[in-house]
Amino acid sequence: MIQKRLCCLMLSALAAGMGATAQASSATARTADIVKTVYGSGTVQPESQPGVYALTDGTLSELLVELGDEVAEGQVVAQLQDDELNAEIAELEYTLQTAQESVADVETHTQYVYRQLYDAEGDKRIDVNTGEPLLGKFSNEITIRAPASGRIKAIYIEAGDDALAVYRDKGAVMLLSTDGRMKVELDGLDGALLALGDTVYVAGEGIEAEGTVVSLTRRGTEAVIEVIGDEYPMDTPVAVSTADGTAVGEGVLAINKPLAVSAYGGTIKGIAVKEGQEVSRYDVLARIVWDEIPLYLDNDLALREYAKALAELESARAKLDALTVVAPCSGKVASVEASEGDSVTDGTKIMTLVEDTGMTVALSVDELDILSVQPGQEVSLTVDALEDAQMSGVVEKIAPLGNTGSGVTTYDVYIELTQVDERVLGGMNVSGEIAIESLRDVLILPTDALRKDGEGYYVTMEDGSARRVSVGVITDDYTQIIEGISEGETVQY
């Protein structure tokens, strides 16, 4: 009898346990918004990571920034050295001057007279091809033209002057600034006060400008300050100070890269420009009248030689400028890929910057879902390393070619971020949900409450009966109910 009672108790307890395990959940059909999403994963990357490259050959003599440093656009970040370049420039400047003198002797004229040419016996020369009289091109007026583009900084001639006399006295009839910059040369400095690439302030009467230290010699006691802009008057006394206001020294403004305009013989008829005016190469600067026998013109060779010399000098000067390596944008130094003392060539990457333009995300989306993704869809992002980070964006574009690995193909979906947490760093892993379909105020039930057989979907009502339902959007959590059940009715599952 006792044994029978124990057996009944055990069966009752087992039945009670089974009842607890099989206890049903319930849910009430309600109206709400539903969003169907597609999942993707990827990383956050800076929107722009430009490289800083050497633009000429040389030796990396000085690195002025380190990994992680903030830099501004145009800031000097490295200095190259080419010991042979200065000697080459000096030689090319002499060659250009010689070529310029040759051009001045046979300068291009603007007013011509065509006259009959005669042979040694005094007979008219005839064109053998046409039988027409052979004419020569003559002029008694010379046009002085700009040998290079730049700004007129000084005019030493005026109407009525003897051009050659002025040239001999001044070394030029006009003076051009060819690179849009001026300079101040200082000496007797505190050797520890300045460093190459430092930004300083240059002030004088009517002048307030920033300058850059481009040369330091004699252990820092002599310096050359380069000022961007050449609109300031030459020989203006200026004072130079550091960014914190410490006085550095005093000097006068000079043209950074001057070019003398020459002229040989003749009387100045008129001036076509004024001081401070910007001119282009070959622009007319002045006109000279010759009182002697008209000059026969044959200047093609001289002009070609001059153009060649000028191009070679401009190329060498460009290399000299390129020895100073500047940041192409503002940002942070992400990597340094060269060391002081390295020999570099044109195109060698010296460092990489992370530009201050924001972040971007590329999500990998499975091929089964990619056809549902379209530009403009909203994206919600979570960051693995920062659970509370708030990030969102919209689909910007979709890669047309997939990436296949281990039998799975995914497509890169590029996200334009509209909300970024400032703590997020480049390279952090993210997960994203792309909203491919969104409905407002529709009837929903938990997706787990639905069952499916060969005829479609159904739910179990409170009384245990089954009811067929038609469904719309299905997500992992909720499903849209189109018909078969009304708002407020309860199902169990």
Side-chain angles (χ1 to χ4, degrees), residues 18-42 361-384 387-398 402 407-419 429-493:
M18 291 177 63
T21 300
Q23 184 177 1
S25 298
S26 63
T28 301
R30 60 187 177 90
T31 300
D33 299 341
I34 186 171
V35 179
K36 185 174 184 180
T37 61
V38 164
Y39 173 82
S41 62
V361 171
L363 297 177
S364 294
V365 176
D366 192 275
E367 62 179 325
L368 299 178
D369 299 322
I370 195 62
L371 295 180
S372 301
V373 180
Q374 300 294 330
Q377 293 172 338
E378 295 183 353
V379 184
S380 176
L381 298 161
T382 57
V383 184
D384 293 359
E387 294 183 358
D388 60 338
Q390 299 293 320
M391 293 183 65
S392 59
V394 295
V395 174
E396 181 181 15
K397 56 186 177 181
I398 303 161
V408 177
T409 299
T410 61
Y411 290 80
D412 289 335
V413 177
Y414 296 93
I415 310 302
E416 179 183 352
L417 295 177
T418 55
Q419 180 185 14
N429 294 319
V430 295
S431 300
E433 291 189 358
I434 304 170
I436 60 172
E437 191 171 0
S438 180
L439 299 175
R440 297 180 60 84
D441 298 328
V442 296
L443 191 65
I444 64 170
L445 278 174
T447 299
D448 290 344
L450 275 72
R451 299 289 181 268
K452 187 177 183 181
D453 59 16
E455 298 181 17
Y457 289 95
Y458 66 93
V459 294
T460 301
M461 307 303 294
E462 280 187 295
D463 61 4
S465 63
R467 187 183 299 181
R468 293 285 175 184
V469 293
S470 297
V471 302
V473 173
I474 301 175
T475 72
D476 290 342
D477 299 320
Y478 292 97
T479 296
Q480 176 192 7
I481 305 300
I482 296 176
E483 61 179 19
I485 195 169
S486 301
E487 184 175 5
E489 288 190 283
T490 300
V491 301
Q492 63 182 7
Y493 57 97

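Only a predicted model underlies this, so the values are computations on that prediction, with no experimental measurement involved.
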Derivation of the side chain to side chain contact (heavy atoms under 4.5 Å, CB included) call for Q390 and Q419: CA-CA 7 Å; Q390 299 293 320; Q419 180 185 14; 3.5 Å; yes

State, with a plain yes or no, whether a side-chain heavy atom of [X] is found less than 4.5 Å away from one of [Y].
{"X": "Y411", "Y": "E367", "value": "yes"}
{"X": "R467", "Y": "E489", "value": "yes"}
{"X": "P375", "Y": "I398", "value": "yes"}
{"X": "I474", "Y": "Y457", "value": "yes"}
{"X": "S438", "Y": "D33", "value": "no"}
{"X": "I485", "Y": "V491", "value": "yes"}
{"X": "D453", "Y": "Y458", "value": "yes"}
{"X": "Q480", "Y": "L439", "value": "yes"}

Of V413, L363, V379, which meets side-chain contact (heavy atoms from CB on, under 4.5 Å) against V373? V413

Test side-chain contact (heavy atoms from CB on, under 4.5 Å), reference M391, set V383, T418, T382, output is V383

For I444 and I481, what are the C-alpha separation, side-chain angles and deciding distance, and is it a side chain to side chain contact (heavy atoms under 4.5 Å, CB included)? CA-CA 5 Å; I444 64 170; I481 305 300; 5.9 Å; no

Determine the minimum heavy-atom distance between [X] and [Y], stating which atoms define it.
{"X": "T37", "Y": "E433", "result": "OG1-OE1, 3.8 Å"}
{"X": "D463", "Y": "S465", "result": "OD1-OG, 2.6 Å"}
{"X": "G402", "Y": "T409", "result": "CA-CG2, 4.2 Å"}
{"X": "Y478", "Y": "I34", "result": "O-CD1, 3.5 Å"}
{"X": "S372", "Y": "Q377", "result": "O-NE2, 3.1 Å"}
{"X": "A435", "Y": "V35", "result": "CB-CG1, 3.7 Å"}

Between [Y] and [X], do the side chains contain a donor N or O and an acceptor N or O under 3.5 Å apart?
{"X": "T31", "Y": "E487", "result": "yes"}
{"X": "T490", "Y": "S26", "result": "no"}
{"X": "D477", "Y": "T475", "result": "no"}

Measuring from atom [atom1] of [X] to atom [atom2] of [Y], what distance do you get when rounded to the nearest 0.5 angstrom?
{"X": "S364", "Y": "I370", "atom1": "OG", "atom2": "CD1", "answer": "9.5 Å"}
{"X": "T410", "Y": "L368", "atom1": "OG1", "atom2": "CG", "answer": "11.5 Å"}
{"X": "I415", "Y": "E396", "atom1": "CD1", "atom2": "CD", "answer": "8.5 Å"}

Tell me, please, which residues at least two apart from [X] pass side-chain hydrogen bond (donor to acceptor under 3.5 Å, both in side chains).
{"X": "T447", "result": "T479"}
{"X": "E483", "result": "S470"}
{"X": "S486", "result": "none"}

Count the heavy atoms belonging to other residues, nucleotides or ligands that lie under 6.0 Å from CG of D441, then report whether that count exceeds 12. yes

Could you tell me whether E378 atom CD has more than 12 heavy atoms of other residues or ligands within 6.0 Å of it?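 For E378, atom CD is not crowded (no more than 12 foreign heavy atoms under 6.0 Å).
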
Residues K36, D369: salt bridge by 4.0 Å N-O rule: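 So K36 does not pair with D369 through a salt bridge.
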
Apply side chain to side chain contact (heavy atoms under 4.5 Å, CB included) to the pair D384 and S431, showing each step before the final yes or no. CA-CA 8 Å; D384 293 359; S431 300; 4.0 Å; yes

Run the side chain to side chain contact (heavy atoms under 4.5 Å, CB included) test on E455 and R468 for me, step by step, so that the C-alpha distance in whole Å, both residues' side-chain angles and the decisive distance to 0.1 Å come before the verdict. CA-CA 9 Å; E455 298 181 17; R468 293 285 175 184; 3.3 Å; yes

Within the side chain of R30, is there an N or O that forms a donor-acceptor pair under 3.5 Å with the backbone of A27?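 A pair under 3.5 Å: no.
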
